[in-house]
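Report on one structure; see the data block that follows.
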Amino acid sequence: MLLVQNLREDKEAVLAGLSKKKFKLLHLVDEAINKDDIRKKEQNQLDELLSQSKKLSEQIGMLMKAGKIEDAQKLKNENAILKEESKTQQERLESIEKELYEILVQLPNLPHSSVPEGSTPNDNEVVYMHGSTPELYIGALPHWELCSKYDIIDFELGVKLTGAGFPVYKGKGAKLQRALINFFLDSAHNEGYHEVQPPILVNADSGYGTGQLPDKEGQMYFITQDEFYLIPTAEVPVTNIYRNVILKAEDFPVKNTAYTPCFRREAGSYGKDVRGLNRLHQFDKVEIVQIQHPEKSYETLEEMRTYVAGILMKLNLPFRTLKLCGGDMSFASALTYDMEVFSAAQKKWLEVSSVSNFESFQANRLKLRYREGTNKPILAHTLNGSALALPRIVAAILENNQTPDGIKIPEVLVPYTGFDWIN
RNA sequence: GGAGACUUGUCCGAGUGGUUGAAGGAGCAAGCCUGGAAAGUUUGUAUACGCGCAAGUGUAUCGAGGGUUCGAAUCCCUCAGUCUCCGCCA
């Protein structure tokens, strides 16, 4: 969420940034400022009323003690009027605040100056390419067919147990999952990330904290009986650890990593994009989250991006890094790099990681701040990235490493799997 | 799931209707003291919003939300959490 203060101070830059993000409702900026002006006036009036009422109460107290019941009664009547007024004033203020909030939550984060212009994925800028796309032999199969050929991932069985998008991993398929999770966690650990195991159900406050609520409510599974949401990403619980927290400047950088299953309803998705492992309702992911000093967050973003690229290199997967254009970036992000691996049989680039700097956009909602010395608390910057999401990595490994004799496991994973071929 | 006790500032802890944003202590910071440190001593030490160039000042906040009252940390209700006992159970 943006601060009204920022809208006031640099309105032109805000409007330019919003336009770059292809945000249409530019009038909301002025509306927010006007609403905030009203809010200030209303608050002033309320404070004035409450202040008067408070003084009267004190006087009543003294009169009562002195036994001047009648005088006290007079003031009581006077105060009753004030009380009525302040109550309606309170309601007025609250509704103004709510209106202001509702305007502000509609405004997306402003893009970093280096974000390319553009409105569709075609406008994303390829900033890095690694590896060559493998030539497969005649008769090579897409991963979903490899899954059933070697009986390692069973989509139909998942349909029986739950529904589409909830596959059952079997045998070497299951072991490969475990291997990847451990490999990713160990890598993150070596990079200085602190491992946490958060709950995978969260309350509404956490949903609001990272911005899944209120607008992306339909994306999450919801347990009505206890009012819990299944997390769509570990970002939600791991970042919310720092909701309403004031860090010290010397705590930076805060680096956490977590493996969790992720749950996404993916309402509206269908067709070939969701074939096999391309899009699931439940999948595994290792996430990295950092909280950083505002002056260092972009340095950190590059470091995270390099780190994720390093993992993909170790897995020997061809990939490219995209800097997303203004129109393709997520609502909360100021700068996002997407990492896509090439899936050789589908001949498709698959997004396996998204590394973003949210600057203070999330921190504002979270009330995540830091203090430098004895100064006032300042909003921190938050960043996160997938490192990595499993299913598409598995798809790429299966497709790219297939041979007529089976699937070769990347060397770096063999110590984790305990086998080097799926056949 | 049932019964009871509890939830106060960074921490410990006082406070059962009247000027309490909150005693006292610890911690932390600064000053004095010291060759330096410890001890001692003085001062300061929450957050949000508003007003003010600033010093400062108004309002709100004692788990959360609501209520009673002229006035609530203190009384009542709802919810959440912690602890103890019982029940159940990986």
Rounded to whole angstrom, note down the C1' distance from B:U10 over to B:A29. 13 Å

Treating A:H381 as the side-chain partner and A:H293 as the backbone partner, does any N or O pair qualify as donor plus acceptor under 3.5 Å? no

For atom P, what is the distance between B:U57 and B:G65, given to the nearest Å? 27 Å

Expressed in whole Å, how much space separates the P atoms belonging to B:A5 and B:U78? 14 Å

I'd like the C1' distance from B:G21 over to B:C86, given in whole Å. 42 Å

Distance between the P atoms of B:A80 and B:A60, in whole angstroms? 29 Å

Strictly by modelled atom types, are A:Y259 and A:E195 linked by a side-chain donor-acceptor pair under 3.5 Å? no

Rounded to whole angstrom, note down the P distance from B:A48 over to B:A55. 16 Å

Show every salt bridge (charged side-chain N to carboxylate O under 4.0 Å, His left out) that has at least one partner inside residues 366-385 of chain A, sequence neighbours left out. none

Output yes when A:R8 and A:D37 qualify as a salt bridge under the 4.0 Å nitrogen-oxygen rule, no when they do not. yes

Are A:K22 and A:D328 within salt-bridge range, i.e. N to O under 4.0 Å? no

Rounded to whole angstrom units, what separation is found between the CG atom of A:D71 and the P atom of B:C70? 17 Å

Distance-only, no hydrogens or angles: does the A:K21 side chain make a donor-acceptor pair with backbone N or O of A:S330 under 3.5 Å? yes

Rounded interatomic separation in angstrom, taking CG from A:L75 and P from B:G18: 19 Å

Scan A:L50 against the nucleic acid and name what it touches under 4.0 Å (heavy atoms): base, sugar-phosphate only, or nothing. sugar-phosphate

Roughly how many Å is it from CG in A:N203 to P in B:A64, rounded to a whole number? 16 Å

RNA chain B: 5'-proximal contact among A:I60 and A:S51 (nearest heavy atom): A:S51

Using Watson-Crick and G-U wobble pairs with both distances under 3.5 Å, what is the 5'-to-3' dot-bracket string of RNA chain B, with [ ] for crossing pairs and | for pairs outside the strand? ((((((((.[[[..)..(.....]]]((((((.......))))))((((((....)))))).[[[[[..)....]]]]])))))))....

Whole Å only: how far is the OH atom of A:Y370 from the P atom of B:U10? 20 Å

Charged N to carboxylate O below 4.0 Å: is that the case for A:K55 and A:E58? no

With nearest nucleotides of RNA chain B determined for A:E48 and A:M62 from heavy-atom distances, which residue corresponds to the more 5′ nucleotide? A:M62

A:E302 and A:R305: CA distance, side-chain angles, deciding distance, salt bridge (Lys or Arg N to Asp or Glu O under 4.0 Å) verdict: CA-CA 5 Å; A:E302 293 304 316; A:R305 168 196 155 196; 2.6 Å; yes

Can you tell me the distance, in whole Å, between the CD atom of A:E42 and the P atom of B:U59? 18 Å

When A:S354, A:S353, A:S356, A:S386 are each screened for side chain to side chain donor-acceptor pair (under 3.5 Å) with A:D338, the one that passes is A:S354

Rounded P spacing from B:C6 to B:C76 in Å: 11 Å

Find the distance A:K87:NZ to B:U69:P and express it as a whole number of Å. 10 Å

Rounding to an integer number of angstrom, what distance separates B:A30 and B:C85 when you compare their P atoms? 47 Å

Return the value, rounded to whole Å, for the distance between atom CD of A:E58 and atom P of B:A72. 12 Å

Any A:K54 side-chain N or O less than 4.0 Å from OP1/OP2 of B:A60: yes

Would A:E287 and A:K285 pass as an ion pair if we require N to O under 4.0 Å? yes

Return a single string for nucleotides 47-53 of chain B, one symbol per nucleotide in 5' to 3' order, where B is base contact, S is sugar-phosphate-only contact and - is none, cutoff 4.0 angstrom on heavy atoms. SSBSS--

Given atom CG of A:D226 and atom P of B:C79, what is their separation to the nearest angstrom? 14 Å

